[in-house]
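Everything on this sheet refers to the single structure shown next.
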Amino acid sequence: DDKPYDIVKKIFENSVQTLTDTLHVINQSAYEDALLAISKSRKIMLAGSGDAYVVAYSGYLRFLRLGLSACCHQDYDLQLVELSSMQEGD
């Protein structure tokens with residue numbers, strides 16, 4: 001049986017390992033291209049369903065904090081309406 005500190009230590013170590021593994025598989029050129037596209041966009045739409053919506057909404061809030069124009073609707077019909085109004089450059 002793990003003690004409480006041992007459990008939290010394992011959680012932290014797992015998180016650090018996950019971030020390190022991710023860093024090793026990132027395509028730097030694709031990452032920079034994505035950042036450039038996001039920074040030049042007029043509007044960013046994030047969409048998700050079920051558990052993926054929580055991730056999309058978290059991204060939406062982060063973009064708002066950065067001062068970027070973003071939207072994220074939970075309702076599928078609103079996602080379609082929003083998507084249909086987007087233009088090149090969004």
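These numbers were taken from a predicted model, which means no experiment stands behind them. We use all heavy atoms of the structure for the numbers below, so side chains are in, but hydrogens, waters and symmetry mates are not.
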With the side chain counted from C-beta on, respond yes when [X] and [Y] share a heavy-atom pair under 4.5 Å apart, and no when they do not.
X: Q87; Y: D90; result: yes
X: L80; Y: S84; result: no
X: L83; Y: M45; result: yes

Tell me which donor-acceptor pairs under 3.5 Å the side chains of residues 71-78 have, and how far apart each pair is, sequence neighbours excluded?
unit_1: H73; atom_1: NE2; unit_2: E82; atom_2: OE1; d: 3.0
unit_1: D75; atom_1: OD2; unit_2: D77; atom_2: N; d: 3.1
unit_1: D75; atom_1: OD2; unit_2: L78; atom_2: N; d: 3.0

Practice task
Give the intermediate values and the outcome of side chain to side chain contact (heavy atoms under 4.5 Å, CB included) for residues D33 and S29.
Solution key: CA-CA 6 Å; D33 290 347; S29 176; 4.0 Å; yes
Same cluster or not: [X] versus [Y], using hydrophobic residues (I, L, V, M, F, W, Y) connected whenever any side-chain heavy atoms lie under 4.5 Å apart?
X: L23; Y: V16; result: no
X: Y57; Y: L64; result: yes
X: Y31; Y: L36; result: no
X: I38; Y: L61; result: yes

Please indicate whether [X] has more than 12 foreign heavy atoms, meaning atoms of other residues, nucleotides or ligands, lying under 6.0 Å from its [atom1].
X: D2; atom1: CG; value: yes
X: R62; atom1: CZ; value: no
X: Y53; atom1: OH; value: yes

Problem - Distance-only polar pair, side chains of Q28 and E32, donor-acceptor under 3.5 Å - result: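 A pair is found: one side chain offers a donor N or O, the other an acceptor, under 3.5 Å apart.
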Practice task
Kindly compute the distance separating CG (L19) from NE2 (H24), expressed to the nearest 0.5 Å.
Solution key: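 Those atoms lie 11.0 Å apart.
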Practice task
Kindly compute the distance separating CG (N14) from CD1 (I11), expressed to the nearest 0.5 Å.
Solution key: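 Going from CG on N14 over to CD1 on I11, the span is 8.5 Å.
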Practice task
Identify the two heavy atoms, one from G48 and one from A56, that lie closest to each other, and give their separation to 0.1 Å.
Solution key: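 For G48 and A56, the tightest heavy-atom pair comes out as N-CB, 4.1 Å.
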Handout entry: Contact summary for L46 and F63, nearest pair of heavy atoms
Key =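 It is CD1-CD1, 3.7 Å.
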Practice task
Would you confirm whether T22, through its side chain, and T18, through its main-chain N or O, come within 3.5 Å as a donor-acceptor pair?
Solution key: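 A pair under 3.5 Å: yes.
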